[in-house]
Amino acid sequence: MSLREIQESVQKIAQAVAAVLRVEVEIADSDFLRIAGTGKTESGVLRTMAGEDHIYRASLVNGEPVVITRPGQDEKCRPCTHYGSCAETGEICCPIRLDGQSVGVIGLLAFDDEQRERLFADVEAILGFLQKMAELIAVKLKEHIMYTRQQLIAEKLRVVMDEMDKAMLLIDQKNRIVEANQRARQYLQLDADNSQAAEWIAAIRLADGSQPAPKQVVLSVGGKAKTFLFAIRPVQLGDEIKEWVITLDDAQEVVEMARRVTATDAGDAFAAISGNSAALLQAKTIARTVAGSESTILLQGESGTGKELFAKAIHQASPRRQQPLISINCAAIPEHLMESELFGYEDGTFTGARKGGKAGVFEAAGKGTLFLDEIGDLPMHLQGKLLRVLQEKEFQRLGSSGKTLPVEARIIAATHLDLQERVAQGQFRLDLYYRLHVIPIQLPALRERREDILLLAHEFLAAYTKTLGKTIRGFSQEAQSVLFCHDWPGNVRELANTVEYAANLENSDWIQVASLPGHTFRLQKPAERTGRTDSSEAPKPIATLKELEKSAVAQALNEVRMRKGKKEEAAALLGISRATLFRKMREYGLL
Ligand SMILES: Nc1ncnc2c1ncn2[C@@H]1O[C@H](COP(=O)(O)OP(=O)(O)OP(=O)(O)O)[C@@H](O)[C@H]1O
């Protein structure tokens, strides 16, 4: 470590000393490069002192000060190129020592009689002062070394953290995230929104205190519940806990990884998609057939019909299964962040941009699969950009100067919207529609395949009773008819939530109607639920589906508001995603 690295500070010290003592000051490093100089020596700064360095060399090697009262005539000056013709009238120098080693020399120089007089008026005092200045420079160098070391450690830590395939968070005493690695930002969508951080950390701390290892926690991320395996450890200095390190693994990814490692073949990737109805079996057959191809797939279906489940199964059944499956929800990411989420950005592209830039989902998906969820909600201006990227099969990070990257991922898009209708309304580009609509797969709504309702309900019940440690044998006859006749606007997600709710509440061997969530079924009278009509009653005007939906959304919001809950809970009650809930709130003026 050379004084050269703190040249500016050293020059300032030289000038300050010169101003106080009114003599000239020169400072050299251990290679006899002039680091600082005042007066006559200033023009030689950052030049070598070869040939005129032997007095400094003697001071540096012996670690002692040197006093020259007659420069150019003193015996010590003999080897100097200026011997006999020296412009100086006096010189005092002293080594700069750091950790027992000489790292440079500070010299005081006189060039006329006045300066000479000042220099030698009280040599003892001047030497004392010079030594203090040498110590000051050594301290500055030490600080710089420590700072550089710290920077290096921080950088190493950042690289190691980002290379980890676990998500890692550093948390301070006030439960704020002070550092998050790339995987954590991806799992928790931190770049889009980290307002839930305190809630997540509270959930992790709660789960930490109540479970043996391996510990699990369910966090709501972007409106979806995600299960993580986690560990939390304190970072201590002495007895004091300074921060906490939390590591997270996506439980589903761990399970998939375990399955990949243990399975001799990929198994049936579609096994998780239940249902025997002709409509669902047809969708599964198409998906299975095209899983191996490179063509773009467009999954269409209402919210909760299993579009994401299908996308995962297709990826699993494809030759790309060892590569990543990256999902992005085009409705859940704020419009101004969407473009950088898709294509990434280069270092310094905008204020707050991450050092080193950031890969977008196209890059992250690599040779895997990119799942563009809720594609119908992609803003118009990005539709054009996406189209170009899909056509040209290459893209650029934002702020990159012409460097293009290839699109290697297979694209699966999904939407709950009627894209043709969006095209007709001028809200979706026709050319993009055709680019995505290569292999369309329509996922049927649950009410269009009622024969699957009870099958799914029993599967969910078996799973939840196992988790809850209960022995519920099934559904009462009446509960079955209620489930069968319900229209399930939230589709399979709503059914799964309904069964989970009922399994939690039920105390008998069979799920009774009373244990079904009131907010779902209060909208329908018992006679309507079973599909029977009472001829003695005057026919009531039938509410439109939209009216029913609006009323359900309002009711769920109200219920959650009363118990000071969060919007996510209203979404869960309705069996829809957070993004869908917000869309519906906007649509019905309930924001
Ligand atoms: N056929 C099915 N068999 C078993 N579970 C299903 C099936 N279809 C959907 N599910 C479950 O229902 C929930 C919703 O499914 P998914 O998220 O895939 O729906 P989606 O159509 O992508 O919804 P959204 O449009 O709201 O994002 C998930 O928990 C999923 O596992």
Side-chain angles (χ1 to χ4, degrees), residues 189 218 220-227 251-252 255-256 268-288 297-316 325 327-333 369 371-378 412-419 440-464 467 488-501 549 553 567-568 570-585:
Q189 299 174 11
V218 180
S220 158
V221 180
K224 290 198 172 165
K226 285 183 113 184
T227 308
Q252 204 172 340
V255 170
E256 271 169 28
D268 182 7
F270 290 86
I273 304 175
S274 303
N276 287 329
S277 59
L280 186 86
L281 291 179
Q282 191 191 5
K284 269 172 93 167
T285 306
I286 301 174
R288 225 189 273 275
I297 294 177
L298 179 62
L299 297 168
Q300 287 174 293
E302 290 176 13
S303 179
T305 47
K307 298 184 291 297
E308 190 172 340
L309 204 57
F310 264 77
K312 283 183 183 155
I314 294 169
H315 173 74
Q316 271 310 306
L325 164 65
S327 306
I328 180 163
N329 187 321
C330 305
I333 293 175
T369 305
F371 178 46
L372 300 171
D373 202 0
E374 305 287 16
I375 192 73
D377 293 282
L378 192 70
I412 302 180
T415 181
H416 72 284
L417 296 169
D418 182 339
L419 275 194
I441 301 179
Q442 186 66 42
L443 303 189
L446 198 49
R447 66 181 169 281
E448 293 161 358
R449 51 178 182 118
R450 286 192 190 272
E451 61 269 49
D452 286 341
I453 295 175
L454 294 179
L455 181 145
L456 283 164
H458 279 100
E459 279 191 13
F460 291 137
L461 183 64
Y464 293 131
T467 321
W488 301 108
N491 292 292
V492 185
R493 185 185 288 113
E494 186 190 1
L495 175 60
N497 289 350
T498 299
V499 175
E500 183 176 1
Y501 180 99
E549 192 173 73
V553 173
K567 297 270 187 304
E568 282 76 10
L573 285 174
L574 291 161
I576 58 179
S577 65
R578 184 167 170 265
T580 310
L581 173 66
F582 275 95
R583 208 180 40 248
K584 297 210 177 290
M585 286 167 66

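Ligands are counted one by one from 1 in listed order, and the atoms in each one are counted from 1 as well.
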For the side chain of [X] and the backbone of [Y], is there at least one donor-acceptor N/O pair under 3.5 Å apart?
X    : Y    : value
K307 : E302 : yes
H458 : L454 : yes
D452 : N276 : yes

Task: For S220, all residues meeting side-chain hydrogen bond (donor to acceptor under 3.5 Å, both in side chains), sequence neighbours excluded - done: none
Open item on the list: Holding to side-chain hydrogen bond (donor to acceptor under 3.5 Å, both in side chains), I want the full list of residues that pass it with K284, two or more places apart in sequence or in another chain.
Closed with: none
Task: Neighbouring residues of ligand 1, heavy-atom cut-off under 4.0 Å - done: K224, A272, I273, S274, E302, S303, G304, T305, G306, K307, E308, L309, D373, E374, L456, F460, V492, R493, S577
Open item on the list: Using the salt bridge (charged side-chain N to carboxylate O under 4.0 Å, His left out) criterion, which residues pair with K567? Sequence neighbours excluded.
Closed with: none
